[in-house]
Q: 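Encoded as structure tokens, here's the structure I'll be asking about.
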Amino acid sequence: MESRRILVTGGAGFLGSHLCERLIAAGHEVLCVDNFFTGQRKNIHHLLDHKSFELLRHDITFPLFVEVDEIYNLACPASPIHYQFDPVQTTKTSVIGAINMLGLAKRLKVKVFQASTSEVYGDPAVHPQPESYWGNVNPLGPRACYDEGKRCAETLFFDYHRQHRLKIKVVRIFNTYGPRMHARDGRVVSNFIVQALKGEPISIYGEGQQTRSFCYVDDLIGGFTALMDSPDDVVGPINIGNPQEFTIRQLAEQVIDLTGSRSKLVFEPLPADDPKQRRPDISAAERLLGWQPTIPLRDGLLRTIAYFDELLGRARED
Ligand SMILES: NC(=O)c1ccc[n+]([C@@H]2O[C@H](COP(=O)([O-])OP(=O)(O)OC[C@H]3O[C@@H](n4cnc5c(N)ncnc54)[C@H](O)[C@@H]3O)[C@@H](O)[C@H]2O)c1
């Protein structure tokens, strides 16, 4: 395969850093663009000296003039704690950031990939969610800056595709976990693992009967590259995630088991607009990309626990 120069926005984040790594391993050059709002240098530290890796500190709400062969647009805070910190900036990153990346792709005549989200389905009235489901999003609630920002970004991608014949690839990502997740961003897998490793009570919202499906990061990145390399008429939106569904309570119990923790479960009120169930219908990804996840929750949790164990160990030594 010929080597390409690839822009990854949000490349210092959780998913972005894994994507940069995967693209370099496949023989490509990576230009990682990040404003370090939630991204961390340590996520890409091991890539900094690599001859095929370049880092640029930049906020994608401002225009970017670079020369690349392909664009992956991942820049956007992804967890409620982070995207609700400055909701106006979240919408700007999703919408103006998308316009800037689409403009760049149009000028360069290159393919552009958008990291959208299962949050575009809101609190779904259809279960599991196929891509054809239009969603049930509260446009005024505290999650709207993210949900509506991502929905508008999808609209922009499809309008650039129709109006300017731009080559686009839109993926709707479902809950993903793995090493380099943020330790304190309130996402359920990292929360539970950190609480279990510290022996602190594990906080469950509501009674823990809401369900989620968890995809291990390596599986997800395989879905990204499969979509990017698929024929031009496969534009998405396409669900990528793991359809195996677990209740939050089951997840907590498995984490306690795998960490050997003595943590107890504590129950807290449900946050506003918290979806009751979430599970991808991945039949389109299976049919169009020949993709499906392969890493079972237990294996992925063990690798993620090992990462947090080392991280907390280092923090204790400092
Ligand atoms: N992790 C998941 O489960 C999940 C689920 C659905 C969608 N996504 C999407 O995937 C993408 C990556 O998510 P993640 O989990 O890696 O989150 P993350 O917060 O770890 O990464 C986001 C990155 O974008 C950077 N960023 C934010 N605003 C920016 C801006 N204006 N300009 C430049 N860089 C900016 C951050 O510094 C960070 O490095 C996001 O677009 C997110 O919406 C993630």
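Counting convention: from 1, in listed order, for ligands and their atoms alike. Position 1 is the first residue of the sequence, and the numbers go up from there. Just so it is clear, the values below take in all heavy atoms, side chains as well, and ignore hydrogens, waters and symmetry mates.
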Q: Tell me yes or no: between the side chains of Thr294 and Asp219, is some donor less than 3.5 Å from an acceptor?
A: yes
Q: Tell me, please, which residues at least two apart from His164 pass ring-ring contact (aromatic ring centres under 6.0 Å, His included).
A: Tyr160
Q: So which protein heavy atom does atom 20 (O) of ligand 1 come closest to, and at what separation?
A: Phe14 N, 2.8 Å
Q: Measure the distance from atom 4 (C) of ligand 1 to every protein heavy atom, then report the residue, atom name and distance (to 0.1 Å) of the closest one.
A: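 Answer, as residue, atom name and distance: Ile173 CG2, 3.8 Å.
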Q: Whether the Ser261 and Thr259 side chains hold a donor-acceptor pair (N or O, under 3.5 Å, no angle test) is what I'd like checked.
A: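 No - no donor-acceptor pair under 3.5 Å links their side chains.
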Q: Is Pro77 close to ligand 1, meaning an N/O of one under 3.5 Å from an N/O of the other?
A: no
Q: Using non-hydrogen atoms of the residue, decide whether Gly11 is closer than 4.0 angstrom to ligand 1.
A: no
Q: Report the part of His182 (side chain from C-beta onward, or backbone N, CA, C, O) that has a heavy atom under 4.0 Å from ligand 1; answer both or neither where that applies.
A: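 It is the side chain that gets close, since no backbone atom is under 4.0 Å.
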Q: Can you check side-chain hydrogen bond (donor to acceptor under 3.5 Å, both in side chains) on Glu245 and Thr211, steps first, answer last?
A: CA-CA 6 Å; Glu245 207 173 357; Thr211 64; 2.6 Å; yes
Q: Is there a polar contact between ligand 1 and Val33, counting only N or O atoms under 3.5 Å apart?
A: no
Q: On a heavy-atom basis, I'd like to know which of Gly16, Gly149, Ser116, Ala115 is closest to atom 7 (C) of ligand 1.
A: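 Of the listed residues, Ser116 has the closest heavy atom.
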Q: Consider every N or O of Thr38 and every N or O of ligand 1, then say whether any pair is closer than 3.5 Å.
A: yes
Q: Which residue holds the protein heavy atom closest to atom 43 (O) of ligand 1, what is that atom called, and what is the gap in Å?
A: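 It is Tyr146 OH, 2.5 Å.
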Q: Using the rule side chain to side chain donor-acceptor pair (under 3.5 Å), only one of Gln114, Glu154, Gln129 pairs with Arg172; which is it?
A: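 By the side chain to side chain donor-acceptor pair (under 3.5 Å) criterion, Arg172 pairs with just one of Gln114, Glu154, Gln129: Glu154.
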Q: Quick one: does ligand 1 sit under 4.0 Å from the side chain of Ser118, the backbone, both or neither, non-hydrogen atoms only?
A: neither
Q: Could you tell me the residue and atom name of the protein heavy atom closest to atom 3 (O) of ligand 1, and the distance to it rounded to 0.1 Å?
A: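 Among all protein heavy atoms, the one nearest atom 3 (O) of ligand 1 is Thr176 N, 2.9 Å.
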Q: So for atom NE2, which belongs to His45, do other residues, nucleotides or ligands contribute more than 12 heavy atoms lying within a distance under 6.0 Å?
A: no
Q: Would you check the N or O atoms of Ile60, main chain and side chain alike, for any that come under 3.5 Å of an N or O of ligand 1?
A: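 Yes, at least one N or O pair falls under 3.5 Å.
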Q: Looking just at side-chain N and O atoms, do Asn242 and Gln292 make a donor-acceptor pair shorter than 3.5 Å?
A: no
Q: Of the protein's non-hydrogen atoms, which lies at the shortest distance from atom 13 (O) of ligand 1, and what is that distance?
A: Ala78 CB, 3.6 Å
Q: Identify, for atom 12 (C) of ligand 1, the protein heavy atom at the shortest distance, and state residue, atom and that distance.
A: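 Protein heavy atom with the smallest distance to atom 12 (C) of ligand 1: Leu74 O, 3.5 Å.
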Q: Could you list the atoms of ligand 1 found under 4.0 angstrom from a heavy atom of Phe36?
A: 37 (O)
Q: Please examine the side chains of Gln244 and Phe214, heavy atoms only from C-beta on, and report whether any two atoms are closer than 4.5 Å.
A: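 No, side chains not in contact.
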Q: So, are Asp232 and Lys167 salt-bridged, with charged N and O less than 4.0 Å apart?
A: yes
Q: Quick one: does Phe308's side chain get under 4.5 Å of Thr304's, heavy atoms only?
A: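 In contact.
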Q: Is there side-chain contact between Val171 and Leu220, with at least one heavy-atom pair below 4.5 Å?
A: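 Heavy-atom side-chain distance check fails, nothing below 4.5 Å.
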Q: So, Glu200 and Gln195: side-chain donor and acceptor under 3.5 Å apart, yes or no?
A: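 Side chains of Glu200 and Gln195: no pair found under 3.5 Å.
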Q: Among Leu56, Leu15, Thr93, which residue places a heavy atom closest to atom 28 (N) of ligand 1?
A: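 The nearest heavy atom belongs to Thr93.
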Q: How about Arg249 and Leu265: do any of their side-chain heavy atoms sit closer than 4.5 Å?
A: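 Touching, per the 4.5 Å side-chain cut-off.
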Q: Identify the closest protein heavy atom to atom 1 (N) of ligand 1: which residue and atom is it, and at what distance?
A: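 Result for atom 1 (N) of ligand 1: Arg187 NH1, 2.7 Å.
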Q: State the atoms of ligand 1, each with its element, that fall below the 4.0 Å cut-off from a heavy-atom position in Asn175.
A: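 Close to Asn175: 3 (O).
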Q: Pair His46, Glu21 - check side-chain hydrogen bond (donor to acceptor under 3.5 Å, both in side chains), show working.
A: CA-CA 9 Å; His46 57 299; Glu21 226 168 56; 2.5 Å; yes
Q: Report the nearest protein non-hydrogen atom to atom 29 (C) of ligand 1: residue, atom name, distance rounded to 0.1 Å.
A: Asn35 OD1, 3.3 Å
Q: For ligand 1, which atoms, with element, lie under 4.0 Å from some heavy atom of Ala12?
A: 39 (O)
Q: Can you list the atoms of ligand 1 that are under 4.0 Å from a heavy atom of Gly13?
A: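 Selected atoms, number and element: 20 (O), 21 (O), 38 (C), 39 (O).
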Q: Using a strict 4.0 Å cut-off to heavy atoms of Gly10, name the atoms of ligand 1 that fall inside it.
A: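 Result: 23 (C), 24 (O), 25 (C), 39 (O).
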Q: Considering only heavy atoms of Gln89, which atoms of ligand 1 have at least one such atom less than 4.0 Å away?
A: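 Selected atoms, number and element: 31 (N).
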Q: Mind telling me whether Tyr121 and Tyr133 have parallel, tilted or perpendicular rings, with 30° and 60° as the class edges?
A: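 Ring orientation of Tyr133 relative to Tyr121: parallel.
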Q: Could you list which atoms of ligand 1 come closer than 4.0 Å to a heavy atom of Lys150?
A: 40 (C), 41 (O), 42 (C), 43 (O)
Q: Could a heavy atom of Thr9 be found less than 4.0 Å from some atom of ligand 1?
A: no
Q: Going by the order shown, which atoms of ligand 1 are within less than 4.0 Å of some heavy atom of His58?
A: 32 (N), 33 (C)
